[in-house]
Student: 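First the structure, then my questions, so here it is.
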There are 4 protein chains.
Amino acid sequence: MPLKRLFDTQVKATRAKRERRKEARPGELLQAALDLFVEKGFAATRSEEVAARAGVSKGTLFLYFPSKEELFKAVVRENISGRFSQWNDEFVQFSGSTADMLHTCMDIWWSRVGDTQASGISKLMLGEACNFPELAAFYRQEVVQPGHALLARIVQRGIDSGEFRAVDASQTAFSVVASMVFVMMQRHTGGVCVPADTSFDPVAFLHHQVDLMVRGLQAPPTEAS
Amino acid sequence: MPLKRLFDTQVKATRAKRERRKEARPGELLQAALDLFVEKGFAATRSEEVAARAGVSKGTLFLYFPSKEELFKAVVRENISGRFSQWNDEFVQFSGSTADMLHTCMDIWWSRVGDTQASGISKLMLGEACNFPELAAFYRQEVVQPGHALLARIVQRGIDSGEFRAVDASQTAFSVVASMVFVMMQRHTGGVCVPADTSFDPVAFLHHQVDLMVRGLQAPPTEAS
Amino acid sequence: MPLKRLFDTQVKATRAKRERRKEARPGELLQAALDLFVEKGFAATRSEEVAARAGVSKGTLFLYFPSKEELFKAVVRENISGRFSQWNDEFVQFSGSTADMLHTCMDIWWSRVGDTQASGISKLMLGEACNFPELAAFYRQEVVQPGHALLARIVQRGIDSGEFRAVDASQTAFSVVASMVFVMMQRHTGGVCVPADTSFDPVAFLHHQVDLMVRGLQAPPTEAS
Amino acid sequence: MPLKRLFDTQVKATRAKRERRKEARPGELLQAALDLFVEKGFAATRSEEVAARAGVSKGTLFLYFPSKEELFKAVVRENISGRFSQWNDEFVQFSGSTADMLHTCMDIWWSRVGDTQASGISKLMLGEACNFPELAAFYRQEVVQPGHALLARIVQRGIDSGEFRAVDASQTAFSVVASMVFVMMQRHTGGVCVPADTSFDPVAFLHHQVDLMVRGLQAPPTEAS
DNA sequence: GATGAATGAGGATTCATTCAT
DNA sequence: CATGAATGAATCCTCATTCAT
């Protein structure tokens with residue numbers, strides 16, 4: 001094989017590998033950034049660290065994201081995509097009691113969000129909302145709105161079926177959200193939300209909350225019966 | 001008027017203006033710091049800004065608070081922890097039902113903390129806890145611990161009086177805290193916690209929450225058995 | 001006694017006391033400054049500390065000395081005054097051998113300078129000479145010159161009496177000075193001049209030095225004897 | 001020339017300039033720091049000045065040295081401690097008399113340290129030791145300890161060979177150090193250690209000192225006994 | 001004269017961002 | 001495209017000095 005061919009081949013191979021990596025780059029960077037932002041917050045995460053964790057150099061990071069702020073936005077956007085439609089479908093088909101549905105809802109949330117880095121993003125979002133208003137708006141629309149709608153729908157189902165009293169479903173949905181927010185905060189602040197000498201089991205808490213809520217919602221025993 | 005009196009008065013007058021300012025300084029600085037911390041977060045608030053807003057120079061700030069972290073601690077003490085004992089006292093004397101007590105508790109919290117910049121401090125703390133572990137520990141000890149204890153005590157009172165079922169008082173206290181956290185977050189993130197098209201009335205929410213909780217806690221009717 | 005008289009008396013008494021103190025002020029400040037400069041060096045000594053140690057307020061210090069630099073100069077000038085003439089006289093009358101004279105010289109230096117804050121001033125002077133050239137010139141003239149002359153005279157006495165070889169008396173005087181400088185440095189630097197695991201006894205060192213020097217200076221045994 | 005060779009060469013050429021600069025940086029910075037520390041002292045030298053003199057920006061300095069103190073340590077290592085082992089080796093091989101060895105020692109010290117900015121560092125250290133205890137400890141360990149050990153070894157060699165009386169080698173080593181300290185002080189204080197009207201030749205002084213010392217150390221003639 | 005509250009220039013250090021290679 | 005050396009704006013904190021009282 002002539003030298004030129006060989007060289008060309010090498011170059012191609014090199015380029016091919018590079019391009020494969022190149023396409024993966026943004027994703028690797030976003031993942032690294034996600035990890036670090038969740039772990040240390042926006043301000044405390046250094047650009048260089050993100051690059052290092054993604055296995056590239058500082059300069060490369062800025063090749064893909066024009067600034068740290070844009071990187072942050074990209075991280076949030078990337079990780080906030082709506083898994084709600086899928087989620088919603090699961091609930092549409094649910095056939096048990098609404099009380100069970102709420103417990104199931106918490107379990108699913110915990111396994112898919114709460115116990116995941118995804119909860120870190122939400123916590124981060126809440127922390128930095130003031131500094132990134134457009135991002136906050138985006139989050140509100142993509143996460144908060146559908147989430148709240150889903151929960152309100154569940155509560156409404158309970159009302160419609162006679163399991164629950166006729167309460168304000170939207171207001172009640174916030175009760176569920178509040179529990180989630182509390183758990184996320186607790187998890188991603190090193191436990192500041194709970195006294196140092198008190199243990200906190202998120203799953204137990206979530207079910208305690210649902211239990212309390214369900215009892216509170218259940219229609220009072222009809223006198224006649 | 002005897003000469004001595006006159007002399008004394010003059011001395012007092014002479015020192016008065018200065019000292020009045022000196023005594024007012026810490027308060028002015030704390031207020032400025034509170035405003036800015038709540039508005040921009042701890043890390044993003046520059047010491048000099050705090051000084052400027054209090055109408056003094058950079059150096060003066062450090063005359064009263066040895067460091068930015070100590071300033072923050074002082075803000076927390078001034079606005080939150082300092083109020084617990086007084087708060088606690090009010091509840092010790094409370095003579096109504098525990099359900100009423102919880103409603104009152106929310107009202108008081110709302111008027112003294114939630115509807116105040118003090119709630120911004122708590123939100124802030126949650127946002128920056130990871131980056132300032134020492135402050136977090138301080139907050140946990142000075143605010144979270146006594147706050148949680150106070151709420152747990154109220155729940156326990158309900159159990160002891162037979163108003164409530166025998167639940168885990170500590171766990172249940174978190175329900176109340178979660179509501180407060182939710183409200184604080186909503187308030188200090190420009191409303192991200194609630195869908196854009198949905199109105200949110202914090203006071204209504206808090207009472208809705210207490211109402212739900214109280215119903216959920218109330219001992220089931222004993223007659224049937 | 002009428003009030004006015006009484007008051008006047010008080011005022012006078014107050015004034016008297018004040019004036020007495022006032023006259024003492026510069027001295028007290030200089031003493032405080034001496035202590036601190038010797039202990040911590042020029043840069044590390046804070047003006048306020050000097051004032052505090054002298055029992056006055058920061059402002060008062062600047063009433064007597066226009067700046068920290070001027071204070072330093074005053075301290076050096078104050079503490080460097082020539083005790084050399086007196087010293088010289090003592091030696092003129094000395095009747096023993098020159099070897100003894102050198103040993104005595106060291107003893108006197110040690111008790112009057114080396115073991116005193118006065119040595120701190122010299123050490124300070126050497127450290128800050130570049131930053132205070134005029135002061136250095138003053139020191140050179142008031143301390144170094146007469147000191148060196150005194151020592152050279154002693155060596156010359158030994159030569160003249162035949163105790164010592166005919167060496168360069170001036171050069172040899174530096175040998176003595178070098179020992180003193182070494183001791184001062186060791187004493188006022190926390191011992192940097194000597195390995196950490198080695199003990200250093202200044203007096204023993206000084207006499208060891210003189211002993212070595214004297215032996216080195218002694219005229220070689222005249223062959224004839 | 002094969003293509004590969006050519007390509008390699010280009011790559012080398014491409015990186016050459018950058019890397020040459022990068023490799024030169026620490027040296028340039030150390031030189032700048034040495035100059036400035038010697039000229040103005042440690043505390044009075046601003047980091048930015050060092051950078052400026054080395055022709056780089058403030059930030060670059062901290063790219064190579066994590067703090068001003070570490071920079072100082074590096075300067076000491078580069079200019080003093082780093083040279084001891086080499087120095088020591090030279091003496092191990094020395095075959096002449098110990099008297100000659102001491103004279104040689106002074107010559108070497110003078111040419112490598114005394115007549116160099118390295119002596120400025122030592123002088124500096126003595127001036128600032130109190131304020132930077134950590135640096136002082138470092139210097140003591142890295143410079144004073146090995147230096148003193150080296151000198152004591154030389155003296156001991158003379159004793160062992162019968163050239164010198166049986167004196168305390170450690171104590172005697174200080175005699176040599178004292179001479180060096182004196183010379184350094186004289187050199188780096190604008191000459192304060194010597195009267196203004198007296199000339200001072202460091203080399204002559206050093207040899208005068210060694211001469212005196214050697215004579216003082218030489219074993220007394222044994223014939224008489 | 002004294003006081004001590006207030007000042008603000010100054011200095012070490014960090015880190016997002018740029019750009020020559 | 002990728003790199004990583006270089007930059008310099010930004011920020012906390014200190015302390016000599018001033019000046020209203």
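Given the structure is predicted, the values throughout are model-derived calculations rather than measurements. So that the names make sense, note that chain A is the first sequence line, chain B the second, and so on, each numbered from 1.
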Student: Show the nearest heavy-atom pair for residues A136(B) and A129(B), with the distance to one decimal.
Tutor: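 Here A136(B) and A129(B) meet closest at CB-O, 3.9 Å.
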Student: What is the separation between atom CD on E28(C) and atom P on dA2(E), rounded to the nearest whole Å?
Tutor: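 It is 11 Å, rounded to the nearest whole Å.
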Student: Which parts of residues 63-72 of chain B get close to DNA chain E, meaning a heavy atom less than 4.0 angstrom away?
Tutor: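 Heavy-atom cutoff 4.0 Å gives L63(B), Y64(B).
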Student: To the nearest Å, give me how far apart CG (L61(C)) and C1' (dT18(F)) are.
Tutor: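 Taking atom C1' of dT18(F) as the reference, CG of L61(C) is at 13 Å.
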Student: Show me, range against range, the stems involving DNA chain E, built from at least 3 consecutive Watson-Crick or G-U pairs below 3.5 Å.
Tutor: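 As far as DNA chain E goes, consecutive pairing (with distances under 3.5 Å) yields the stems E:2-21 with F:2-21.
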Student: Could you check whether K73(B) pairs with E134(B) (Lys NZ or Arg NE/NH1/NH2 to Asp/Glu carboxylate O, under 4.0 Å)?
Tutor: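 Salt bridge between K73(B) and E134(B), a charged N being under 4.0 Å from a carboxylate O: yes.
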Student: Return the CD to OG1 distance between E28(B) and T60(B), rounded to the nearest 0.5 Å.
Tutor: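 So the gap between those two atoms works out to 11.0 Å.
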Student: Quick check for you: to the nearest 0.5 Å, what is the distance between Q31(A) atom CD and N79(A) atom CG?
Tutor: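 So the gap between those two atoms works out to 7.0 Å.
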Student: When the distance from CZ of F62(A) to P of dC15(E) is rounded to whole Å, what number comes out?
Tutor: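 F62(A) atom CZ is separated from dC15(E) atom P by 13 Å.
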Student: Taking the side chain from E70(A) and the backbone from S67(A), do they hold a donor-acceptor pair closer than 3.5 Å?
Tutor: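 A pair under 3.5 Å: no.
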Student: How close do V75(B) and A33(B) get, counting heavy atoms only, and between which atoms?
Tutor: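 Between these two residues, the closest heavy atoms are CG2-CB, 3.8 Å.
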Student: I want to verify a distance call: between dA9(E), dA12(E), dT7(E), whose nearest atom is closest to the K58(B) side chain?
Tutor: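 The answer is dA9(E).
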Student: Check DNA chain E against residues 29-48 of chain C and give the residues with a non-hydrogen atom under 4.0 Å, in numerical order.
Tutor: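 Heavy-atom contacts with DNA chain E come from no residue of residues 29-48 of chain C; none.
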Student: Apply the test side chain to side chain donor-acceptor pair (under 3.5 Å) to residues E128(A) and N131(A): give CA-CA distance (whole Å), side-chain angles for both, the deciding distance (0.1 Å), then the verdict.
Tutor: CA-CA 5 Å; E128(A) 309 277 351; N131(A) 303 326; 3.1 Å; yes
Student: Applying side-chain contact (heavy atoms from CB on, under 4.5 Å) to K123(A) and T189(A), what does each step give before you reach the verdict?
Tutor: CA-CA 9 Å; K123(A) 185 259 168 183; T189(A) 52; 3.9 Å; yes
Student: Just by distance, do the side chain of T45(C) and the backbone of L36(C) share a donor-acceptor pair under 3.5 Å?
Tutor: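 Yes; judged by distance alone, with no hydrogens or angles, the pair exists.
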Student: May I ask you to verify if any side-chain N or O of T60(D) is less than 4.0 angstrom from the OP1 or OP2 atom of dA5(F)?
Tutor: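 Answer is no, no contact under 4.0 Å.
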Student: How close do L61(B) and A51(B) get, heavy atom to heavy atom, and via which atoms?
Tutor: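 Heavy atoms of L61(B) and A51(B) come nearest at CB-CB, 4.2 Å.
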Student: Between F42(C) and F132(C), is the ring centroid distance below 6.0 Å?
Tutor: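 When the ring centroids of F42(C) and F132(C) are compared, they turn out to be within the sub-6.0 Å range.
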Student: If you pin G55(D) and G59(A) to their nearest nucleotides in DNA chain F, which one's is more 5'?
Tutor: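 On the 5' side of the pair lies G59(A).
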